[in-house]
Amino acid sequence: MLHKDRIPFITLAYCTLSVENDNLVFIDKEGEHTIPVGQFSMINLEPGTKITHSAVALCAKHGVLLNWIGEGGVRVYSAGLDTNKRTDRLWKQMEMVFNKNKRLSVAKRMYQYRFGTVAKLTSVNTEKLMLMEGNNVKKIYENLAIKYSVEWNGRWFDNRDSINLALSVANSCLYGIAHTAILACGYSPALGFIHGRTPQSFIFDVADLVKFQTVTPIAF
């Protein structure tokens, strides 16, 4: 079955995932349940889940990605081998990342998605784009601090006060969800367009597209 015809994912927690009669089954406190393994693209395994070797092999046979995540999907601890035979998305991502002009074009589109149409974007490079981003983010933090009457002394990643700690926790949760989505879609988390030189580069890129509309206001 093609992935476009499958259910995107199923999430399991506090159960044992195994195989009986070439069928994938999970056992929890309510009993034994059969999973139509070929109908899912990905199985998320939350805390308390145990999985047998035969279950891993059956998932690989049917091209089902296994994803070990935290509760609610806010962490990604590990992912199984993506046996999806289609690699066109990964190839496209690599093509865009390793071509300087195409990478900058994608970075500009991401910037415009986040901050709206900005004049003179045609003349900027990646370094200038990141500087513009930093200035915009600084203004967003300042405006949110005023809106929610929060004492704000700047973003510090050592979590020196409660608001910085809240922002770090909120971002970490969002990164886990973005990581899961990237793996499910067949992309590489490491190949970013704005961020680079880290295994989480594309995760940061994707999370930033929605960060300031979702988790950042909650943290403030």
Can you tell me how far NE2 of H53 sits from OG of S18, rounded to the nearest 0.5 angstrom?
14.0 Å
Using the side-chain hydrogen bond (donor to acceptor under 3.5 Å, both in side chains) rule, collect all pairs that involve residues 135-148, keeping only residues at least two apart or in two chains.
Y111-N136
Please check: side-chain N/O of [X] versus main-chain N/O of [Y], any donor-acceptor pairing under 3.5 Å?
X	Y	value
W156	N153	yes
N67	A79	no
N164	G154	yes
T180	G176	yes
D28	G31	yes
R103	F193	yes
T52	A55	yes

Shared hydrophobic cluster, M42 / I177 (ILVMFWY, side-chain heavy atoms < 4.5 Å)
no
For side chain to side chain donor-acceptor pair (under 3.5 Å), just list the numbers for N159 and S168, CA-CA rounded to whole Å, side-chain angles, deciding distance to a tenth of an Å, and then say yes or no.
CA-CA 7 Å; N159 302 327; S168 294; 2.6 Å; yes
Are F40 and F9 close enough that their ring centers fall under 6.0 Å?
no
